[in-house]
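By convention in this document, chain letters (A, B, ...) are assigned in the order of the sequence lines, proteins followed by strands, and residues within each chain are numbered from 1. Computed from a prediction, not measured in an experiment: that's the story for all the values here.
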Amino acid sequence: MAVQETYALGQRYIGCGAQWGKITVTQVPGNALGAYLDGGEIEVLCSAQDATGDTMNAGEIVVHGSAGDATGYAMRGGAIYVRDNGGYRCGIHMKEYRDKVPVLVVGGSCGSFLGEYQAGGTILVLGIGCEDRAPVGNFCGTGMHGGRIYLRTRFLPPNLPEQVAVAEPQSADLERIRPLVGRFCEKFGGDPESLLAGHFFVLTPNTSNPYHQLYVNN
Amino acid sequence: MAQEYLYPEFQVVRDLSRCTGCRACAAQCANGVHRYDADRGQMVSDETRCVNCHRCVAFCPERALKIVKDRQCFRENDNWSGDAIREIYRQAASGGVLLSSMGNAKEYPVYWDRLLINASQVTNPSIDPLREPMETKTFLGKKPDTLRRDAAGRLVPELPPQLELDTPILFSAMSYGSISYNAHESLARAAQALGTCYNTGEGGLHRDFYRYGANTIVQVASGRFGVHRDYLEAGAAIEIKIGQGAKPGIGGHLPGAKIVGDVSATRMIPEGSDAISPAPHHDIYSIEDLRQLVYSLKEVTRGEKPVIVKIAAVHNVAAIASGVARSGADIIAIDGFRGGTGAAPTRIRDNVGIPIELALAAVDQRLRDEGIRSSVSLIAGGSIRSSADALKAILLGADAVYIATAALLALGCHLCRSCHSGRCNWGIATQRPELVARLDPDEGAQRLVNLVTAWTHEIKEMMGGMGINSIEAARGNRMMLRGVGLNEIELGILGVKHAGQ
């Protein structure tokens, strides 16, 4: 794949399906940046728009700013790091299978519907700059039936659905978070230890079969 | 079961003068209807478990078995049918949403049966397909509005990607998970032999079947199961599933019990975890959003593959299809409300959506009126039961048809409508290895080839009778159709005259 050197402001599908190479984006890209990304590396030196990393399979996307709605939609692998905030419906439908565990890390806060229908993978919201409130909007984890969401906050999000279980992080959780926070600080600065010293909630589904009791054969 | 007020719907009639007690029936029935009673020295039945799939009947070497509708009945009337009563008992006992399989079971008009095909007499003589060439080759995709020539007068080929089919019949989407590995293999091999395509549905593509890629449509639906670069590259076309005729407006839930072994690996989700496809794509809220997905799929496959958008036939289908045609889709698949499914809420299956005949005619007309008919091809599905249905669809405006229930019947399905139980005795809608092994892909593929070959020949004969020698000339040729027993509004929507006119 020929690596394009410069991209237009608002250009869509940058790095779509890329399997290798590094792409640096200096102006705000259009939607679906790194869709189906399959191993490449994308660094955005400003904010990104909607559907960043849609259905991405491998590789890394780093956004030095905020990312729009549906960031990491249906991710299957790889990692997305967003320095500031994420929009609505981030990380929905993330999956995992054996060693393919996608990661979405957001430094600030996310909008509503974070991790809706989440079936796997790890979402970490650090809540930097919004320490006085929950760093996510409404309906976090609705329909969640796999994976885990870590929130660095003392405030539980509003309207948590029934099938989401809230817990304090165990040592295995901290081991999982540590390298992600490390990578975040490597990219954007900050002190990993002071971030890790904050209070976290772990959100996990309390069933992997949320519809089990819903039906009767006819 | 007595406390649920549900009595067996079927009676197992065993002719004891023929039964040798060989227990073949017991071995064949995954529902556990038959067992040998040692005390009585004979086979006995538990009818409450029977779904009337005929597996035992077909395998009884002595022809000692019959399954008949039990004459035990409710005091039915025209308003309260036995089904309506039974469904209330089921829900009162469980509190559950009624779940059914296969297509709409209710008595709505089947317009195919009210449409008649023309034939030539005297002038414009008919054509004998055994003697003269009849073209059933079909190209699905955008057709350019204009031709361009270079300075030397040579045509500049600018044809958008096309799906080339030897016959205008494709196998519709059924996921690996909802149907078995052997069923998928049968479909894939038949599609290859027939020069047509089968469709993965939303369950990913098993590694073993990548070699049938040139005859595979890969589906992308709201759950995005199994979707990755290699998968998109593997297919001959990519289908975005927006809706399904059997359950418009809702998504799918493949229960964790069916997510086992290779199904889990192909979908790339853990064993035993539900596979949930939500009702909408959560990144599509407008035609512009749909366009974004269409073009992201084109982008990742370098524009080499046509993109199909599949929608359910619903009330405003013509306006919706017009929007979809403008989204950049190359092909629109419309699925009527009689289309099948491995599981759907009964109420939605039986009450939501509209017949494919009306939807297809309305869409074709709308796209013609707007001058954009050639910018997309149309595939019609949702209970095409015969070559006559297929040809009527083409005459109403379809470029090709999708079949799925008919294909399953060819594989041995007896339409017992119990797919959701996962205990398909014919090895089709099941993941139990001992049941899957009952479907031999060699035989299955051959039966599918037989069916579609026969249909294709019948289509040629009917076309020949009309003096038409190509699908191209039959498409949208509504003058070749007449309605019978239809009112003026129906005739108007279908765009056909009444018989005798």
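Summarising the geometry, atom CD1 belonging to B:I276 is positioned 11.0 Å from atom CD belonging to A:E116; distances are rounded to the nearest 0.5 Å.
Side-chain atoms of A:K95 come within 3.5 Å of backbone N or O of B:G223 as a donor-acceptor pair. Side chain of A:Y73 to backbone of B:H282: a donor-acceptor contact under 3.5 angstrom is found. B:R229 places no side-chain N or O within donor-acceptor distance of the main-chain N or O of A:D38, the cut-off being under 3.5 Å. Although no hydrogens or angles enter the test, the distance criterion places a donor-acceptor pair under 3.5 Å between the side chain of A:R76 and the main chain of B:V227. With hydrogens and angles ignored, the 3.5 Å screen pairs no side-chain donor or acceptor of A:H145 with any backbone N or O of B:A275.
We find that A:D54 and B:R224 are joined by a salt bridge, their nearest charged nitrogen and carboxylate oxygen being less than 4.0 Å apart.
Residues B:D283 and A:D50 have side chains not in contact (no heavy-atom distance under 4.5 Å, counting atoms from C-beta outward). Annotation: side chain of A:Y97 is in contact with side chain of B:S264 (closest heavy-atom distance under 4.5 Å). The closest side-chain heavy-atom distance from A:R98 to B:P270 is not below 4.5 Å. Side-chain atoms of A:N217 and B:H420, non-hydrogen and from C-beta on, do get closer than 4.5 Å to each other.
Using cut-offs of 30° and 60° on the angle between ring planes, the pair A:Y215 and B:H253 is tilted.
Heavy atoms closer than 4.5 Å to chain A are found in both the backbone and the side chain of B:L297. Proximity to chain A is limited to the side chain of B:T346, based on heavy atoms less than 4.5 angstrom apart. Neither the backbone nor the side chain of B:S101 comes within contact range of chain A; no heavy atoms are under 4.5 Å apart. Interface remark: B:A265 contributes backbone and side-chain atoms alike to the contact with chain A (heavy atom separation under 4.5 Å). If you measure heavy-atom distances from A:D69 to chain B, you find no contacts under 4.5 Å at all.
Scanning both residues, B:S296 and A:C16, for their nearest heavy atoms gives O-SG, 3.6 Å. For the pair B:Q292 and A:A51, the tightest heavy-atom approach, listed with the atom from each and the gap, is NE2-CB, 3.6 Å.
For CZ of A:R178, the number of neighbouring non-hydrogen atoms (other residues, nucleotides, ligands) closer than 6.0 Å is 12 at most.
Put simply, the residue from B:R349, B:E87, B:R417 that forms a side chain to side chain donor-acceptor pair (under 3.5 Å) with A:N218 is B:E87.
Listed options A:R12, A:K100, A:H93 were ranked by heavy-atom pairs under 4.5 angstrom with chain B; first place goes to A:H93.
Inspection of non-hydrogen atoms places no residue of residues 158-167 of chain A under 4.5 Å from chain B.
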